[in-house]
Peer 1: 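Before I ask anything, let me first share the structure, which is written out below as structure tokens.
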2 protein chains.
Amino acid sequence: MNDLETRQLRYFVAVAEEQHFGRAAQRLGMAQPPLSRAIREMERQLGVQLLVRTTRQVALTPVGETLLDDARRALEAVQAAGRRAHRSGRPAPALTVALKADFDAGLLPRIVEEYRELPVQLLLGGPGDQVRAVRDGRADVALVPTPYDPQGLESEPLVTAPRVVALAASDPLVTHPGPLRLSDLAGRMLPNGTAAELGDVTAPTGQRVRRDLSQIFSLVETGNLVWFLPQWLAERFPRPNLVYRAVEDLEPSTLAVVWAVGSRSPAVAAFVRTAQDVASR
Amino acid sequence: MNDLETRQLRYFVAVAEEQHFGRAAQRLGMAQPPLSRAIREMERQLGVQLLVRTTRQVALTPVGETLLDDARRALEAVQAAGRRAHRSGRPAPALTVALKADFDAGLLPRIVEEYRELPVQLLLGGPGDQVRAVRDGRADVALVPTPYDPQGLESEPLVTAPRVVALAASDPLVTHPGPLRLSDLAGRMLPNGTAAELGDVTAPTGQRVRRDLSQIFSLVETGNLVWFLPQWLAERFPRPNLVYRAVEDLEPSTLAVVWAVGSRSPAVAAFVRTAQDVASR
DNA sequence: ATTGCTTACGACTGCCGTAAGAATG
DNA sequence: CATTCTTACGGCAGTCGTAAGCAAT
């Protein structure tokens, strides 16, 4: 019956994240006392203790942990609702497409050219930003390579291409006889700072890469950093000191167009169709 | 930055659903004027027209349509957050399992017996109620047969079984020579009141059945209503005037255990494991 | 003794309900 | 002309900020 209010969720998330009422209040632009009372009122309303406070430490109870997860999701959904409504009502509406620079398999120019429903606005971002932007309504669609977190999204695959490994030209593996396998690369460092292990090597193309492309390329050229990238990305960046080689048991990558559940407006549907058309040629 | 409040979303959903300010206000337990102002304030805040009002008609604009979808989802997420926190703080917590009566493939008694983490509370409901209950936090897990709407849920399959068709004993198809095919059943009425067509016949086990089992059975026994049901459900209900027959190109049904994204607490994880154990024997 | 959450209290913003107004079919 | 959304206005609940209290390191 008595739902939580967005304001309460915002307060709780701030306190839970800061683990400190003072800093949370500052972040929210308010004084501590009302924040303190609001949380207490929330606990009373739910009949649950969310935080254990000593004067030196604020910690989440198990219930608080799960509420933090749920509250983040709920706030994201509320923001998505507001943002999408706001954006679609603008005088000169545009379709916002989120993608990571160069991760378009060379399709973007042709898609934009053939898509004539609306002006296209690009939203460039780092890894993981794309799906987040679509989920919270800042973008209408995104182009992302697998693997990505599909929660709250629908998608259509565009192109599936093998991934290759980027090696320094001086790397002994360049002259490795026969096809490379993942086991040949075990123990090398990945761009996210972890060592490549057999169960781990499929992830780095996805979420956790924190540097931009040229940085990664120069790290690969110099050290024994390895990087897995889709074929089409390798083709776009021929570099003198870099060699791309196929890896036999490396899973291929699929570039997909994704949109938020329930937001398949005519404009989005047309974009998806255009992207599929272009990709199938 | 200026998020919508839960209250505003509730108001908007009520008006959008009733297409009438008066009835919506009544449903919300308030007077029309503040409701009218709240919606107008929302429109101003978003810079978008959500409804077109004449004094005789209230209709949604396209933007309003998409906001209605998003708002429903957002409210569901907020309610889920509140409900889960509330329930997990109860003095004698229990694990609430949502299912449709008899749709447990005979597994439930053994699962409940072997699951010793918490008391188990059952939440019975009609088709579609289960996933909704899990999504909005009224249940921790659910047992559901495919197909179901997987949005916001994670799942593990338990058992996959062929589906069979229930026919009246007097039905000419009972003596049909050779294996039945879906095309033999085209045009028959389904429990949801629509005619069975080739592309349509996989749905009825799922969402839209609105009668209970005994009603459906008697309708099958009397008229030319057809019903598709999992093998294990047919086995549990041998009925004198009913014949179950295999259908060659009818997709099998999988009974799955589902839970809300991010709510895989230890108790839930243990239940899932127990269910899988029981199902695999 | 200092840091930091909580309680107390006065002020205010903003929402609600009643009553009157305007517009549509 | 009747129904129904909107505007106007007075009352009130709920939230905020400042100041004082109190517990833990």
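The figures that follow rest on heavy atoms only: side chains count, while hydrogens, waters and symmetry mates do not. Here the structure is a predicted model, which is why all the values come from computation and not from measurement. So you know, we letter chains A, B, ... as the sequences are listed, proteins then strands, and number each from 1.
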Peer 1: Could you tell me the separation between the CZ atom of B:R44 and the C1' atom of D:dT6, rounded to a whole number of Å?
Peer 2: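 After rounding, the reported distance stands at 17 Å.
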Peer 1: Atom CD of B:Q32 and atom C1' of D:dT7: how far apart are they, to the nearest Å?
Peer 2: 14 Å
Peer 1: Quick one: closest heavy-atom pair of B:V141 and B:V257, and the distance?
Peer 2: CB-CG2, 4.4 Å
Peer 1: Below the 4.0 Å mark, does C:dT24 have OP1 or OP2 next to a side-chain nitrogen or oxygen of B:T54?
Peer 2: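 It does not, given that no N or O in the side chain of B:T54 lies less than 4.0 Å from OP1 or OP2 of C:dT24.
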Peer 1: Of the nucleotides C:dT18, D:dG17, C:dT6, which has the atom closest to the A:F21 side chain?
Peer 2: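 Nearest to the side-chain atoms of A:F21, counting from C-beta on, is C:dT6.
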Peer 1: Between CZ of B:F12 and CG of B:L75, what distance do you get to the nearest 0.5 Å?
Peer 2: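 Reported value, rounded in 0.5 Å steps: 11.0 Å.
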Peer 1: Give the rounded distance in Å between these two atoms: CD of B:Q57 and C1' of D:dT3.
Peer 2: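 Nearest whole value for this atom pair: 13 Å.
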Peer 1: Can you tell which of C:dA19, C:dT6, C:dC16 lies closest to the side chain of B:M30?
Peer 2: C:dC16
Peer 1: Please classify the nucleic acid contact of A:R7 as base, sugar-phosphate, or nothing, using heavy-atom distances under 4.0 Å.
Peer 2: sugar-phosphate
Peer 1: Could you check B:R135, B:R84, B:R83 and say which one makes a salt bridge (Lys or Arg N to Asp or Glu O under 4.0 Å) with A:D70?
Peer 2: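 Among B:R135, B:R84, B:R83, the one meeting salt bridge (Lys or Arg N to Asp or Glu O under 4.0 Å) with A:D70 is B:R84.
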Peer 1: Among D:dC16, C:dA8, C:dC16, which nucleotide sits nearest the side chain of A:P33?
Peer 2: C:dA8
Peer 1: For D:dT4, does OP1 or OP2 lie under 4.0 Å from any side-chain N or O of B:R53?
Peer 2: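 Result: no.
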Peer 1: Can you tell me if B:E5 has over 12 outside heavy atoms packed within less than 6.0 Å of its CD?
Peer 2: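 Enclosed.
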Peer 1: Find the distance A:E5:CD to C:dC15:P and express it as a whole number of Å.
Peer 2: 11 Å
Peer 1: Would you compute the distance between atom CZ of B:R87 and atom CG of A:L46 and round it to the nearest 0.5 angstrom?
Peer 2: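 The CZ atom of B:R87 sits 13.0 Å away from the CG atom of A:L46.
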Peer 1: Quick one: B:L35 CG to D:dT7 C1', roughly how many Å, whole number?
Peer 2: 15 Å
Peer 1: Give the rounded distance in Å between these two atoms: OH of B:Y11 and P of C:dC15.
Peer 2: 9 Å
Peer 1: May I have the distance from B:H20 (atom NE2) to D:dT3 (atom P), rounded to whole angstrom?
Peer 2: 11 Å
Peer 1: What is the distance, rounded to the nearest whole Å, between atom CD1 of B:I39 and atom P of D:dT7?
Peer 2: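 After rounding, the gap between these two atoms is 14 Å.
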Peer 1: Please state whether the phosphate of D:dT7, meaning OP1 or OP2, lies under 4.0 angstrom from any side-chain nitrogen or oxygen of B:R40.
Peer 2: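 For B:R40, the contact criterion (side-chain N or O under 4.0 Å from OP1 or OP2 of D:dT7) is met.
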